[in-house]
Amino acid sequence: MIGKLTVAVAGCTGYAGGELLRLLLQHPLVSIGALTAGSSAGSKLGAHQPHLRPLIDRDVLDTTSDNLAGHDVVFMALPHGTSAPVAAELPEDCLVIDCGADFRLSDPAMWEKFYGTAHAGTWPYGLPELPEQRGVLAGARRIAVPGCYPTSATLALLPALVAGLVDGSDVVITAASGTSGAGKAAKPNLIGSELFGSASAYGVGGVHRHTPELLQNFRRLGAKAPSVSFTPVLVPMARGILAVVSAPIADDISVADVQAAYRRVTDDEPFLELLTEGQWPQTQHVVGCNAVHLQATIDRSAGRLVAVAALDNLTKGTAGGAIQSMNIASGLPETIGLTTIGVAP
């Protein structure tokens, strides 16, 4: 039996950091060590995460390599572009898991185009459901957690791509997300009077930063020349993503073929669930859990596969996926400390 892993969380006062701590408190083989942040350093965690009652009296330290060193695992829930300098100073034998974007992309040119800074490098990608990815993550000391939108859309299309039902061309994604995906910092478009009763598209026209990550994932799933039109939509809920993904499909493929392909994948995946045929995913059913609910059919008049995925952007889309990857990298059961049971109502 392995002893408890000592874990530090950088960025502990944000939404992703808070979700990491909520899940880690329920992990039987984790001991929570240093909690760090930037401008919040010097305060108590309870001032920022009052729901984490066992940790409310813990001090929030500065995010420095000295404060993070000495732990078995360091989670970084930091703004994009800020993880790389900290990670570079941490020991090679420490498992560092970045919940930001710094190490997700393998193409430096695409990073520079969408993020506008120098590319810091590429780490093993923390989406275990990709073919053979568990072998890549096993024993890894550096892991890049996927973006929440790419997690939802990639898993929505994964069974169809693996089975060769679609080729990854002309993929159209519309994904509605709750406001926690924008982070905890105050923004005018996220205040109640602007948000309530309204839905709004943003990052329209192929400019959203998750676009190259989606293309990268579809290539990993066998698409030779993927193309994607991705439109995110902000909706008035705190957490969750509903991704609707469509792609051209041949006339001789039936709905039964689609259902069989999705069943083959989901039957072997602990966190993927194909719903009963005719039942469609809803974000309310995955709140607080690491499950992804899936459904797929064919729009015969348009000649397209339509797949829908629902997940909690803070859990499977960020913190839960990070802990799932930690478990694999550390030789622990993949599902330990994580649940597929949501919170209702």
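The figures here come from the full heavy-atom set of this structure, side chains too, leaving out hydrogens, waters and symmetry mates.
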Nearest non-hydrogen partners of V166 and L161, listed with the distance: O-CD2, 3.7 Å
Pairwise salt bridge (Lys or Arg N to Asp or Glu O under 4.0 Å) hits with a residue in residues 43-57, at least two apart: K44-D59
Cluster check L23, L29: I/L/V/M/F/W/Y, side chain < 4.5 angstrom: yes
Rounded distance [0.5 Å steps], CD in Q49 versus CZ in R22: 11.5 Å
Donor-acceptor pair, side chain of H293 and main chain of V286, under 3.5 angstrom: no
Scan the side chains in residues 260-268 for donor-acceptor partners under 3.5 Å anywhere in the protein, sequence neighbours excluded, and list what turns up.
| from | atom 1 | to | atom 2 | distance (Å) |
| --- | --- | --- | --- | --- |
| Y262 | OH | A156 | O | 2.6 |
| T266 | OG1 | Y262 | O | 2.9 |

Sub-4.5 Å side-chain heavy-atom contact between V9 and I32: no
Sequence neighbours excluded, every pair satisfying salt bridge (Lys or Arg N to Asp or Glu O under 4.0 Å) that has a member inside residues 156-167: none
Main-chain N/O of V207 paired with T211 side-chain donor or acceptor, under 3.5 Å: no
Chi angles and distances behind the side-chain contact (heavy atoms from CB on, under 4.5 Å) call for L52, R58: CA-CA 10 Å; L52 302 176; R58 295 282 295 273; over 6 Å; no
Backbone of A37 reached by a side-chain donor or acceptor of T63 within 3.5 Å: yes
Student check: side-chain heavy atoms of P345 and Q284 closer than 4.5 Å: no
Under 3.5 Å donor-acceptor, H80 side chain and A101 backbone: yes
Side-chain donor/acceptor of Q133 to backbone N/O of G126, under 3.5 Å: no
Donor on one side chain, acceptor on other, T6 and D72, under 3.5 Å: yes
Other cluster members, L314 - Ile/Leu/Val/Met/Phe/Trp/Tyr, side-chain contacts below 4.5 Å: Y15
From CD1 (I323) to CG (N290), nearest 0.5 Å: 8.0 Å
Between CZ on residue R209 and CZ on residue F114, distance to nearest 0.5 Å: 10.0 Å
Exercise: identify the closest heavy-atom pair between L5 and S330: CD1-OG, 3.7 Å
Sequence neighbours excluded - salt bridge (Lys or Arg N to Asp or Glu O under 4.0 Å) pairs with any residue from residues 92-118: R104-E213
Rounded distance (nearest 0.5 Å) linking atom CG of L35 with atom OG of S40: 12.0 Å
Qualifying residues under side chain to side chain contact (heavy atoms under 4.5 Å, CB included), relative to V162, sequence neighbours excluded: P131, L158, L221
Donor-acceptor contact present, side-chain T122 to main-chain L105, <3.5 Å: yes
Verdict with supporting geometry, T174 and V233, side-chain contact (heavy atoms from CB on, under 4.5 Å): CA-CA 7 Å; T174 302; V233 178; 4.0 Å; yes
Listed partners of H285 passing side chain to side chain donor-acceptor pair (under 3.5 Å), at least two apart: none
pair I97-V145: side-chain heavy atoms closer than 4.5 Å: yes
Cluster overlap L275 with V292, hydrophobic side-chain contacts below 4.5 Å: no
Side-chain donor or acceptor of D170 paired with backbone N/O of P248 under 3.5 Å: no
Heavy-atom closest pair, residues V171 and A247: CG2-CB, 4.2 Å
Nearest heavy-atom neighbours spanning D62 and G38: OD1-O, 4.3 Å
Exercise: identify the closest heavy-atom pair between P128 and E334: CB-OE2, 3.9 Å
Nearest atoms (heavy-atom pairs only) where I241 meets A175: CG2-CB, 4.4 Å
Spacing of F271 atom CZ and L155 atom CG [to the nearest 0.5 Å]: 12.0 Å
Min side-chain heavy-atom separation L130-V136 under 4.5 Å: no
Residue list, side chain to side chain donor-acceptor pair (under 3.5 Å) with S180, at least two apart or on another chain: N313
Steps toward side-chain contact (heavy atoms from CB on, under 4.5 Å) verdict (M110, H119): CA-CA 9 Å; M110 292 301 282; H119 187 234; over 6 Å; no
Evaluation steps, side chain to side chain donor-acceptor pair (under 3.5 Å), between D299 and S301: CA-CA 6 Å; D299 181 345; S301 63; 2.8 Å; yes
Pairs where residues 269-290 contributes a residue and the test salt bridge (Lys or Arg N to Asp or Glu O under 4.0 Å) is met, not counting sequence neighbours: R134-E269
Residue pairs passing the side chain to side chain donor-acceptor pair (under 3.5 Å) test where at least one lies in residues 228-248, sequence neighbours excluded: E19-R239, R239-D312, R239-T315, S246-R304
Qualifying ring-ring contact (aromatic ring centres under 6.0 Å, His included) pairs with a residue from residues 198-236, counting only residues at least two apart or across chains: Y149-H208, Y149-H210, Y149-F230, Y202-H208, H208-H210, H208-F230
Verdict with reasoning, T36 to T64, per side-chain contact (heavy atoms from CB on, under 4.5 Å): CA-CA 8 Å; T36 78; T64 66; over 6 Å; no
Cluster overlap L165 with I298, hydrophobic side-chain contacts below 4.5 Å: yes
Residues clustering with L90 (ILVMFWY side chains joined when closer than 4.5 Å, directly or via others): L68, V74, M76, L78, V86, V96, F103, W123
Heavy-atom neighbours of Q279 CD exceed 12 at 6.0 Å: yes
Candidates D251, D257, D252 - the one meeting side chain to side chain donor-acceptor pair (under 3.5 Å) with S254: D257
Other residues, nucleotides, ligands: >12 heavy atoms within 6.0 Å of L25 CG: yes
Inter-residue atom distance L55.CG - L21.CG, 0.5 Å rounding: 6.0 Å
